[in-house]
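Accompanying notes for the structure given below.
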Amino acid sequence: MKQKETLLNIQLNGEKIELSDTLIDDMGDNHVSTSVDTPMRADAFVLSDDQKIDVIAKHFTAIMETLGLDLTDDSLKGTPKRVAKMYVKEIFSGLNPANKPKMAMFDNKYQYNQMLVEKNISFYSNCEHHFVPIIGKAHVAYISNGTVVGLSKLNRLVQFFAKRPQVQERLNMQIGKELQKALGTDDVAVLIDAKHLCVASRGVEDNTSSTITAFYGGKFQEDKTREEFLKYIEFKTEF
Ligand SMILES: [Zn+2]
């Protein structure tokens with residue numbers, strides 16, 4: 001207990017801040033430590049978005065100055081704040097569970113019990129090892145067990161998990177598991193085909209390779225169902 005309290009007290013501008021019980025509960029709900037979850041600090045949401053933007057802007061200023069850039073130049077002046085805002089409000093906004101799309105469910109009135117496939121969902125993520133883009137497409141499928149989800153929610157769920165520092169395997173698992181939970185069925189498939197700019201633009205500088213990962217739950221573990229899914233998405237690598 002003592003240790004937990006120490007963990008959850010942080011200093012902001014010299015002022016000690018303690019987390020409320022509700023926030024701690026929320027975090028417990030959303031950040032149970034398993035290998036599938038993004039590793040998050042206990043104090044991840046103590047700062048507001050605006051406070052985070054201020055802190056990141058300061059640090060980014062230091063990075064740019066260390067690189068030798070002159071921040072009094074008109075073109076560079078606004079960059080630290082711009083980057084900070086982009087991190088918090090856009091490309092890493094999926095770290096905050098508050099931004100998770102609400103997965104409203106509907107009755108499957110048509111009794112459509114076949115496979116539903118949403119293919120070519122494009123997304124941008126960032127590699128957590130280099131903080132450079134991962135550009136890819138996700139193909140998502142499920143077999144309804146009585147409820148269906150609005151189609152755009154599938155796209156939004158992919159975008160939400162993509163907007164984190166990621167590794168592709170985890171991104172793939174997070175989308176698959178969340179869909180299983182929301183739809184109340186194991187019969188979910190998610191295939192991701194993505195290009196990692198840390199491979200393409202630096203390092204080995206391979207601009208043609210892409211990485212494929214797949215999550216197959218329930219019936220999708222059977223050859224026949226999986227083959228049907230792969231046929232529907234006409235699986236081929238293309239950007
Ligand atoms: Zn990387």
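One is the number of the first residue; the rest follow in order along the sequence. Remember, it's a predicted structure, so these values are computed and weren't measured experimentally. First listed ligand is number 1; within each ligand, the first listed atom is number 1.
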Going by atom types only, do Ser122 and Asn120 share a side-chain donor-acceptor pair under 3.5 Å?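 No.
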Just checking, any donor-acceptor pair under 3.5 angstrom between side chains of Gln174 and Thr38?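 Looking only at side-chain atoms, Thr38 and Gln174 do form a donor-acceptor pair, the distance falling under 3.5 Å.
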Between atom CZ of Arg164 and atom CG of Asn96, what is the distance when rounded to the nearest 0.5 Å?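 Between atom CZ of Arg164 and atom CG of Asn96 there are 9.5 Å.
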Do we get Arg226 above Tyr216's six-membered ring, with its NZ or CZ under 6.0 Å from the centre and within 45° of the axis?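 Pair Arg226/Tyr216 counts as cation-pi.
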Might you work through the side-chain hydrogen bond (donor to acceptor under 3.5 Å, both in side chains) test for Thr213 and Glu169, ending with a clear yes or no? CA-CA 6 Å; Thr213 51; Glu169 297 90 325; over 6 Å; no
Only counting residues at least two apart or in another chain, list the ones meeting ring pair (Phe, Tyr, Trp, His ring centres under 6.0 Å) with Phe131. Phe92
Excluding waters, how many protein N/O/S atoms sit closer than 2.8 Å to the Zn ion (ligand 1)?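 Protein N, O or S neighbours of the Zn ion (ligand 1) under 2.8 Å, waters not counted, come to 3.
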